[in-house]
Number of protein chains: 2
Amino acid sequence: MVTLSDVAKEANVSKMTVSRVINHPEQVTPELRSLVEQATAKLDYHPNAIAQALVNNRSNVVKFVTLEDIDSTEPYYINLLFGFARGLNEKQYAMQLVADPTKIETGRADGYLITGARNKDYELFDQLDKPFVLFGENHRGYDFVDNDNQLGEKIATEYAMNRFYKQIIFIGIDIKEPFEYSREAGYINTLQKNQIIPQIYRVPNHSHSAQDLIHEHFSEFKKDTCFICASDRIAIGVERQLRIENGKVPEDFGVIGYDGVFLDQVANTKLTTIKQPIMEMGEMLANMLLKKIEQSGSPQGEVMIKPTLIRRGSTR
Amino acid sequence: MVTLSDVAKEANVSKMTVSRVINHPEQVTPELRSLVEQATAKLDYHPNAIAQALVNNRSNVVKFVTLEDIDSTEPYYINLLFGFARGLNEKQYAMQLVADPTKIETGRADGYLITGARNKDYELFDQLDKPFVLFGENHRGYDFVDNDNQLGEKIATEYAMNRFYKQIIFIGIDIKEPFEYSREAGYINTLQKNQIIPQIYRVPNHSHSAQDLIHEHFSEFKKDTCFICASDRIAIGVERQLRIENGKVPEDFGVIGYDGVFLDQVANTKLTTIKQPIMEMGEMLANMLLKKIEQSGSPQGEVMIKPTLIRRGSTR
DNA sequence: TTGTAGGCGTTATCAG
DNA sequence: CTGATAACGCCTACAA
């Protein structure tokens, strides 16, 4: 293993000069700096993160905390995880996965990424003694990254109007959380701007719940209706039941999902959907958290990423 | 932060005695040992894993390497990950997720868990200079954990016979990998033991490929046929198309999947399936890998976990 | 601007 | 069986 000392010998300087070239290069004269840099390159030196962690009283570990049940979790978590991991790897950080909220503070970590937080979880956060960031919008001042839920459904609703669907119905998730309110707001605001009256249903986030809903109300739906769904799961159920009721998709009925990560392998129709760049969001969360750690906890603000509409087979 | 020194002072012994009580308790007299243990408990001392890592030239990090494309990956990876994480957390280990095979050896890690390995990947392994274990059966002597694929399809096939399905057809994945061969072998051996002639189809691991297959051959399938499928994805496609062709499931046609992790939220039928205890397998992999690291790379052998049949709506 | 000394928390080694 | 010492690789504080 190549150490600071090896580089120092190679460059004929002291260890401290090498250390400075790495951490505070501006404090070193250009000549010495380039000498050191050459030696570093020649020996392929990389700082030992563990030794750095020891002196800095860091662990180089952060926790990925998920407060949602992982069995019923959206498949996009895996993308979030890999995006997050990519951000960590660059900085030589590693993660521990935690599903049990009571174990957040056991062991050593420099900070936390918290996902799947619901309203009931917030009181937990104020007790945390390490920096943390949230995945998912909130309006209590906690740093977060999310996609712009309101914008997403605005895009979806405008698209439905542009495709000349006359009725535009929103099928949301029956959950009282900020992301759902934002998605509904995106839909409602867009319709009202065009003097159209919104129509909203809400169901649990399962494809079969959506199927039941369509089954029950199918006779009420006229042709030229587009369903804006708050998740791909719901959209898949809507689309499936529409076909069962002999509704023509996409000619007479349009369906737009949300998330854009649903496995084509399990659904037979290619769903038009609002896609979130989840990997990128994971990577941004990593960067945000590491920066927050570095700055000993200073606020990082809120980041809303633009989602995009992916046009596929379930809309005309 | 409570350190070794604090405990030593509290117990009126040297740091080394405290260290020994933790690592080699048999070398310390019972009196001193209990003194130290009391002090440890009183101060709620926990060893600093980073300092340990530094002296032991360890990083306390392992890499979770996935060689499969993560977008098309099975949803059960998330369960494997969380099981693996649970095993790591106990030993204060953290992980880095790696999807790019060329980056396996960049950065620091004490060992690797490798998943999604295909035949083409094996030459890579011999070049690795750190201990590793595989998720997924192989017959080249590499340590692994997997479920017993052969046993799983034996259970499925016997179950189909017991439910008096007269024809039993296997629908496999068209891939030349050990797990697939083992699943086919479990089916074939069981049928041949009962003097029944096997009938095998193979399709890509997508529900729509399975649907196409059923659509094409439906007229050839008599009543009282059970389809043993090599994955839940295939089973979902088979079941869906059977219904579309007006076949009665489960009365006239049975369908059995494999994996047992498929989201009920996206499929409307409750699938009978062979379930692998994936979380537990993840945890075993963690234990195996950490043990291997501790024993500086000594072989850990092969672990095959018993899968179980979950009886649900797609078989009578 | 550069170098020296000391220490982060732990453990191996060797002396007592 | 127990303790003092040195070392792991790096960085802060101070001195030159």
Inset, instruction - Considering just the side-chain nitrogens and oxygens of A/Q52, establish if one lies under 4.0 Å of OP1 or OP2 belonging to D/dC11. - result: yes
Legend entry - Residue met sooner reading DNA chain D from 5', once A/P47 and B/L32 are mapped to nucleotides: B/L32
Inset, instruction - Ignoring backbone atoms, test whether A/T17 places a side-chain nitrogen or oxygen under 4.0 Å from the OP1 or OP2 oxygen of C/dG3. - result: yes
Inset, instruction - May I ask you to check whether B/N60 and B/Q92 show a side-chain donor-acceptor distance below 3.5 Å? - result: no
Inset, instruction - To the nearest Å, give me how far apart CG (A/L4) and P (C/dG3) are. - result: 12 Å
Legend entry - d(CD, A/E31; C1', C/dT1) in whole Å: 11 Å
Inset, instruction - Select base, sugar-phosphate, or nothing to describe what B/N48 touches, counting heavy atoms under 4.0 Å on all strands. - result: sugar-phosphate
Legend entry - Protein-nucleotide distance (B/R20, atom CZ; D/dC1, atom P), rounded to Å: 10 Å
Inset, instruction - Among the candidates D/dC11, C/dT10, C/dT4, find the nucleotide nearest to the side-chain atoms of B/Y45. - result: C/dT10
Inset, instruction - Cation-pi check, A/K292 to A/F132: give yes when NZ or CZ is under 6.0 Å from the six-membered ring centre and within 45° of the ring axis, no otherwise. - result: yes
Inset, instruction - Classify the nucleic acid contact of A/N23 as base, sugar-phosphate or nothing, counting any heavy atom under 4.0 Å across all strands shown. - result: sugar-phosphate
Inset, instruction - Would you mind telling me which of C/dG9, C/dT13, C/dG7 lies closest to the side-chain atoms of B/M16? - result: C/dT13
Inset, instruction - Check whether the ring centres of B/F144 and B/F135 lie less than 6.0 Å apart, and answer yes or no. - result: no
Legend entry - Of A/K15 and A/Q27, the one whose closest DNA chain C nucleotide lies more 5': A/Q27
Legend entry - Neighbour count >12 (heavy atoms, 6.0 Å) for atom NZ, A/K291: no
Inset, instruction - Identify whether any heavy atom of B/E26 sits under 4.0 Å from a base atom; if not, whether one sits that close to sugar-phosphate; answer base, sugar-phosphate or nothing. - result: sugar-phosphate
Legend entry - Nearest non-hydrogen partners of A/S59 and A/A109, listed with the distance: OG-CA, 3.4 Å
Inset, instruction - Please state how far atom CG in A/L54 lies from atom C1' in D/dA7, giving the value in whole angstrom units. - result: 12 Å
Inset, instruction - Starting from C1' on C/dG9, measure out to CZ on B/R58 and report it in whole angstrom. - result: 17 Å
Inset, instruction - Just compare C/dG9, D/dT2, D/dC10 and give me whichever is closest to any side-chain atom of B/A51. - result: C/dG9
Inset, instruction - Assess the side chains of A/D143 and A/Q300: does a donor N or O sit below 3.5 Å from an acceptor N or O? - result: no
Legend entry - Value in whole Å for how far the P atom of D/dC8 lies from CG of B/N56: 13 Å
Inset, instruction - When you get a sec, tell me which of C/dT4, C/dA12, D/dC10 is the closest nucleotide to the side chain of B/H24? - result: C/dA12
Legend entry - Residue-phosphate contact under 4.0 Å: A/S19 side-chain N/O, D/dC10 OP1/OP2: no
Inset, instruction - Quickly work out the B/H46 NE2 to C/dG9 P distance and round it to whole Å. - result: 16 Å
Legend entry - Phosphate-side-chain proximity, A/T29 and C/dT2, N/O vs OP1/OP2 below 4.0 Å: yes
Inset, instruction - Describe the nucleic acid contact of B/I50 in one word from base, sugar-phosphate, nothing, applying a heavy-atom distance below 4.0 Å. - result: nothing
